[in-house]
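To start, the structure itself, in structure tokens.
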Amino acid sequence: MKLFCLFLLLAGSTAAYHLDTSPRREPPTLPSEVLTTEATPTEAKSRFAMLDDVRLLANGLLQLGQSLREFVHKTKAQINDIFQKLNIFDRSFYQLSVVTSEIKEEEEELKKTTNILKVNNEEIRNLSMEINTKINTILQERTQLQSKVGSLEERLKGLSESMIPADQLSEITTLKEVIEAQEKTITSLLNAVKEQHDQLDHQKIKIKNLEEKLSFNSFQQTIDKSMDSDHSATDMFEYLQINSTGTETRDLPVDCSELFTRGETKSGVYAVKPNQSEPFYAYCEMTSDQGFTVIQQRVDSTVDFDQTWEMYQKGFGNLEKDFWLGLKKIHTISRLGSYILRIDVEDWKEEKHWAEYSFSLEGPSEDYTLHVSHFAGDLPDVMTNLTGSRFSTKDKNDSGCRGWWQSACSETNLNGKYFSLRTKGRSVRRKGIQWRPGTGPSYSLKMSKISLRALIDSGN
């Protein structure tokens, strides 16, 4: 609107100027003695003043045009950035669509297999009923034969003092052979019935496992769709609010170790539900022989780990990159039983090290006090010094230990500031991600990962 008004003002000024400066038709020349006209100084000054106004207006328009051009360039850059982000979103959405299609195909196959097993189950049940009917008939026949044998034995007792006729002796022998044959038939039928019952039990167990897997896949697909439908508005670290409170949530694994025992071998983000907890997302790392629940990971500087107490309780970051799972969730998992805390690190020389500790964590009333004892690994032990320490952040229990347990955190802190390159100054390194034993060199780290696995037996 301002630009339109300026153009109107310029047009009006220019028209006035042209009216004043355009050549005019000269009137008929009168004798000099009749009329003599000359331009006055006031008219000349007025014309020069109008020219100055036009120049000022032109300069203003030039500046306005320059500003508009800069605005257009900036807007183009922003639009290009939006298009790039939209392209990334389109690719991600396409990949999610492909994964969803694969899950749907697997679900259909599982449904078909379940239906086939149910049909087989009905056939086995009908066959078992037929066999039971035949066994009952045979048992009745056996009872009748036994009664006949009993009557014959009584007759034999009465004839014990006399000679037994040949035809009766032959009849007795025949009856005994029939009874023995019937007993063999009954025995074989009983064995067949037992085998059928065993097969039926096996089929029931198989159907139950398939139904549980189908239910879990369906539930996982439901919550993944709800997450994908509004990924930008979804907080991955909030507890999942599921409307259905039926068997679906009960079928969720308590942690990634149980998910592995159910046959899942692919690493990724899954929904888990420890006892006495709402379900939540966790990153499960699957190896060839066990499943780990990852509670912390650092690979670059995209996530700021200098967070408040509330954020460290809840969790933050990106579950597939840099993140902290949350003290509440870690405590819930640790209450399920005996757990091993595993730490994997990589220094700037690309040398990898690891350590494992027996692990337990107290609740929020004790500020998540840590209890560990060394278990195995090639990384120098520093975590046992932290046993009995409370968790610390910049707004609670702050003694220089931010995002870590209090004791000796100035020398060891996997939640420190991430430096893109290896720092040389010791005072700077103490603020970064490092692992320093009581004696010996410190490890300035490029990568760190903390995970939990269930301790099944001493061999694990």
Side-chain angles (χ1 to χ4, degrees), residues 237 282 292-298 303-317 322-336 338-345 347 353-377 379-419 426-427 429-440 442-445 447-453 455:
F237 296 90
F292 291 84
T293 306
V294 182
I295 64 174
Q296 184 257 31
Q297 184 166 264
R298 307 290 300 278
V303 176
D304 182 12
F305 272 64
D306 188 15
Q307 298 288 338
T308 62
W309 179 264
E310 180 181 0
M311 293 302 295
Y312 266 100
Q313 283 197 111
K314 173 185 174 183
F316 55 86
D322 280 27
F323 70 91
W324 174 261
L325 182 60
L327 290 167
K328 287 183 178 179
K329 302 183 183 83
I330 298 170
H331 172 245
T332 304
I333 296 174
S334 69
R335 290 192 303 170
L336 295 174
S338 299
Y339 274 85
I340 293 295
L341 179 78
R342 181 181 175 93
I343 297 175
D344 292 276
V345 299
D347 60 23
H353 304 275
W354 65 279
E356 289 187 340
Y357 296 84
S358 60
F359 166 80
S360 65
L361 191 67
E362 296 187 32
S365 61
E366 300 296 328
D367 294 340
Y368 302 100
T369 299
L370 178 71
H371 297 281
V372 293
S373 60
H374 192 257
F375 190 77
L379 193 62
D381 174 31
V382 300
M383 292 294 289
T384 52
N385 294 331
L386 304 180
T387 293
S389 301
R390 297 173 179 264
F391 200 80
S392 169
T393 62
K394 62 183 179 182
D395 60 341
K396 187 168 184 177
N397 301 330
D398 186 11
S399 59
C401 314
R402 296 187 171 185
W404 201 246
W405 286 272
Q406 287 177 316
S407 177
C409 73
S410 60
E411 301 295 339
T412 297
N413 187 353
L414 298 184
N415 286 342
K417 185 176 181 180
Y418 191 97
F419 295 107
R426 182 177 179 183
S427 60
R429 283 202 306 269
R430 292 176 64 179
K431 298 178 181 179
I433 308 173
Q434 67 168 348
W435 184 274
R436 180 181 175 84
T439 58
S442 64
Y443 291 80
S444 180
L445 302 176
M447 183 279 295
S448 71
K449 179 170 58 182
I450 308 175
S451 53
L452 296 174
R453 68 174 175 89
L455 180 62

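Positions are given from 1, in the same order as the sequence printed here.
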Enter the distance from [X]:[atom1] to [Y]:[atom2] here, rounded to the nearest 0.5 Å.
| X | Y | atom1 | atom2 | result |
| --- | --- | --- | --- | --- |
| Glu356 | Tyr339 | CD | OH | 14.5 Å |
| Thr412 | Leu386 | OG1 | CG | 7.0 Å |
| Asp367 | Phe391 | CG | CZ | 10.5 Å |

Do the side-chain N and O atoms of Ser360 and Ser334 include a donor-acceptor pair separated by under 3.5 angstrom?
-> no
Side chains of Asn397 and Gln406: do they bring a donor and an acceptor to under 3.5 Å?
-> no
Would you check if [X] and [Y] make a side-chain contact, meaning some heavy-atom pair closer than 4.5 Å?
| X | Y | result |
| --- | --- | --- |
| Gln313 | Pro364 | yes |
| Leu455 | Ile340 | yes |
| Thr384 | Asp381 | yes |
| Trp404 | Leu414 | yes |
| Ile343 | Trp435 | yes |
| Asp344 | His353 | no |
| Phe375 | Val372 | no |
| Ile333 | Leu452 | yes |

Take Asn415 and Gln296 through the side chain to side chain donor-acceptor pair (under 3.5 Å) test and state the conclusion after the steps.
-> CA-CA 9 Å; Asn415 286 342; Gln296 184 257 31; 2.9 Å; yes
Criterion side-chain contact (heavy atoms from CB on, under 4.5 Å) on Met383 and Leu370, from CA distance to verdict = CA-CA 9 Å; Met383 292 294 289; Leu370 178 71; 4.0 Å; yes
So, is the end of the Arg298 side chain (NZ or CZ) under 6.0 Å from the ring centre of Phe305 and within 45° of the ring's axis?
-> yes
Counting distance only, does the side-chain N/O of [X] pair as donor-acceptor with the main-chain N or O of [Y] below 3.5 Å?
| X | Y | value |
| --- | --- | --- |
| Lys417 | Ile433 | no |
| Asp304 | Asp306 | yes |
| Arg390 | Glu366 | yes |

Between Leu361 and Ile330 the two heavy atoms that sit nearest each other are CD2-CG2, 3.9 Å
Closest heavy-atom pair and its distance - Phe292, Ser451 = CD2-OG, 3.6 Å
Could you go through the side-chain contact (heavy atoms from CB on, under 4.5 Å) check for Ile295 and Leu341 one step at a time?
-> CA-CA 10 Å; Ile295 64 174; Leu341 179 78; 4.0 Å; yes
So, for Tyr312 and Trp324, is the gap between ring centers shorter than 6.0 Å?
-> yes
Ring geometry between Phe237 and Phe323 (parallel below 30°, tilted from 30 to 60°, perpendicular above 60°) | tilted
Which word best sums up how the rings of His331 and Tyr368 line up, parallel for under 30°, tilted for 30 to 60°, or perpendicular for over 60°?
-> perpendicular
Output all residues satisfying ring pair (Phe, Tyr, Trp, His ring centres under 6.0 Å) with Tyr357, sequence neighbours left out; order by chain, then residue number.
-> His374
Test side-chain contact (heavy atoms from CB on, under 4.5 Å) applied to Lys394 and Thr308, step by step | CA-CA 6 Å; Lys394 62 183 179 182; Thr308 62; 4.0 Å; yes
